[in-house]
Amino acid sequence: MNRRVRQIVESTLEALRNEGLFEGELPPVTLERPKRPEHGDAATNVALVLAKRAARPPREIAEAIATRLRADASGTIASVDVAGPGFLNVRLDPNAFLGVLANVHAEGEQFGFAPAGSRGRRVNVEFVSANPTGPLHFGHGRGAVLGDCIARLLRATGWDVTTEFYINDRGAQVAALGRTLHYRYLQALGHEAVEPEGDGWYRGEYMVELGQRLAREAGDAHAGKPAGDPFFRDYAKDILLDVIRRDLAALGVQIDVWSSERALTETGLVEETLSALRARGLVAEQDGATMLLTGERFQDKEGRPKNEVLVKSDGELTYFATDIPYHLDKLRRGADLLIDVWGADHHGHVPRLRFALECAGADPTRFEVVLVQMVRAYRDGVEVKVSKRAGQYLTLAEIVDEVGPSAARFFFVLRRHDSQLDFDVSLAKRQDQENPVFYVQYAHARCCSIVRKAREEHQLEVPAYDATLARALEHPIERDVMLRLGELPEVVAAAADARDPHGVGVYLRELAGLLASHYTQTKRTGDTVLPLPSTMASDGWRERWPWDRTRARLMWLDAARQVLANALRLLGVDAPEKMARLDVDETDGSTAPAEG
RNA sequence: GGCCCCGUAGCUCAGGGGAUAGAGCAGCGGUUUCCUAAACCGUUGGCCGCAGGUUCGAUUCCUGCCGGGGCUACCA
């Protein structure tokens, strides 16, 4: 609907340009929903933007535009006001926003999304990419959900999306994993075993279990092998990768491609890339290591120019050395754009990798990184502390199990990705309006419930869109809701563009809020969608009941239901048709968190 | 030291060049307890961390400072 208004404004501007009011390109027409209702249904500041170029007062330009908009014959615009410093406040013709219902009904599950089958540009979204050295921890969940939602958003806006997980199955971390398994395996066999030195091993309980499992499966068949034997590394890695797969699946995260770093090194692509860099004179030996020369681009702590290590003095490749060919490989496989979701603790590597890709001949603008800030978990108002040293951490699986995948996903997406997030586990479990997931899901379930009740108790189906019928929608909230429904495409586009689903969550809460207000308000005043029991208790109520309004509202409510479902699907959150009726079984002693 | 993120109502957070800065919770005042849940309506409450700058216009962009968090490996 805003699209139609925008088109009308744009063609108006074009006409005014032809008349010589201003020159050059059309300014971008931004339409916003005014905060104050008296400012109409849509407002634009184009006149203010144009004022300088046209060398005329903004209000004068606004008047010129307004005059033409008022003459528009498409039946979209009801009135136009010039206000304040030169805003154009547009009031829509009722037909225009009632038409939203027609669009929603026509497009159904596709409403808000790019047309199916549109072949867009190809994007590779890589996320999580945790070391296969243990179950995913709580913090990984945020990156996982963010990456998955970015993928969904891009798909919804016409991109051809591949999601990818890069397995760091080579190098120091998996070597430490192998040593750990060796140690725990010997322990499980009852052999004398020496604890690996320092922090070079994984202290988590899961490794004890893994050692016992190996001992159970193979007896002492592997007891003679040295700690560094690849067997231990691979055995542990394979099992833990399966655990990670399960953790992600439980969260509803879809990974299309699992990419092995080890396999990459075996293709020769790493050597190829190194030689290419060497051929360009960008590589040098320094202190026994092979370095990428970065000129003055990067500095160390003391501010001295710093080169980047590619091959360590012990002959091992750094992750940086394999990251370069890995990203080149993703581009070679046909991606027009690479998006990596990284923890914010890696932010220092973004310019380095981009620089290296550029050195290797790739287009650095095709490489984007979304940095996700850290998450803290709170239970009953106190932070859930973890001990990294003891190998104890809050696992993702634990949280998903506790609050369910829908709540986990919604909570991870509640804040912008570049803000730190406090995840209130107690709140995520609550079954009341305080809990934003419950609130939004309940709005959807309530729509379903009313539609269901209409069918079952009143033999009323949701009517097909009908402009005449739609005119029975007179409640002010109904109008607000229709305006908001029409905004879904813009909300989706903006979220996709920002690589951040957070705006969809905000939108959902606002829409759910409007629907809740409508429900409770009408219930209070008695003009509900369906007749209340008290109404039906009186004689002759059927003749007095405004059935057209009921049918109109069913049409309206069903559109709202559809939009809620579509937006929830974008976040991977369930849109239940019924809320499980909770009986009073709250015996876990959880009390409302006292903030303080 | 350098770099990144954040600072908006008592609390949790939206808004990211435009009009009188919003929501939820908490507080206060009312109404209601019947389409699935204690909700609804109204209302109080803000130097948008501070100071400069850019701009016709800054909460929004830039710089500096203050406060909070994080990163700063020949680990990933």
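By convention in this document, chain letters (A, B, ...) are assigned in the order of the sequence lines, proteins followed by strands, and residues within each chain are numbered from 1.
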Under the criterion of centre distance below 5.5 Å and interplanar angle below 30°, is A:F87 classified as stacked on the base of B:rA19?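 Whether judged by distance or by angle, A:F87 passes, so it stacks on the base of B:rA19.
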Within the stacking criterion (centroid distance below 5.5 Å, interplanar angle below 30°), does A:Y319 stack on B:rC75?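 So A:Y319 does not count as stacking on the base.
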Who does [N] pair with, Watson-Crick or G-U, both distances under 3.5 Å?
| N | value |
| --- | --- |
| B:rA23 | B:rU12 |
| B:rG57 | none |
| B:rC35 | none |

Report yes if a donor N or O on one partner sits less than 3.5 Å from an acceptor N or O on the other, where the partners are the side chain of [X] and the base of [N]; otherwise report no.
| X | N | result |
| --- | --- | --- |
| A:D345 | B:rG70 | no |
| A:R416 | B:rG16 | yes |
| A:H347 | B:rC71 | no |

Heavy atoms only, 4.0 Å cut-off, all strands: where does [X] land among base, sugar-phosphate and nothing?
| X | result |
| --- | --- |
| A:H349 | base |
| A:D432 | nothing |
| A:A83 | base |
| A:R509 | nothing |
| A:E457 | nothing |
| A:S449 | base |

Grab the two heavy atoms, one from A:H347 and one from A:L371, that are nearest each other, plus how far apart they are.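 Taking every non-hydrogen atom into account, CB-CD1, 3.5 Å.
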Under-4.0 Å salt bridge between A:D424 and A:R379: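 No, this pair does not count.
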Same-atom distance ([atom1]) from [N] to [M], integer angstrom:
| N | M | atom1 | answer |
| --- | --- | --- | --- |
| B:rC13 | B:rG1 | C1' | 34 Å |
| B:rC48 | B:rG7 | P | 14 Å |
| B:rG57 | B:rC66 | P | 29 Å |
| B:rG16 | B:rC62 | P | 15 Å |

Does the structure place the NZ or CZ of A:R484 under 6.0 Å from the centre of the six-membered ring of A:Y507, at an angle of no more than 45° from the ring's axis?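 No, a cation-pi geometry is absent between A:R484 and A:Y507.
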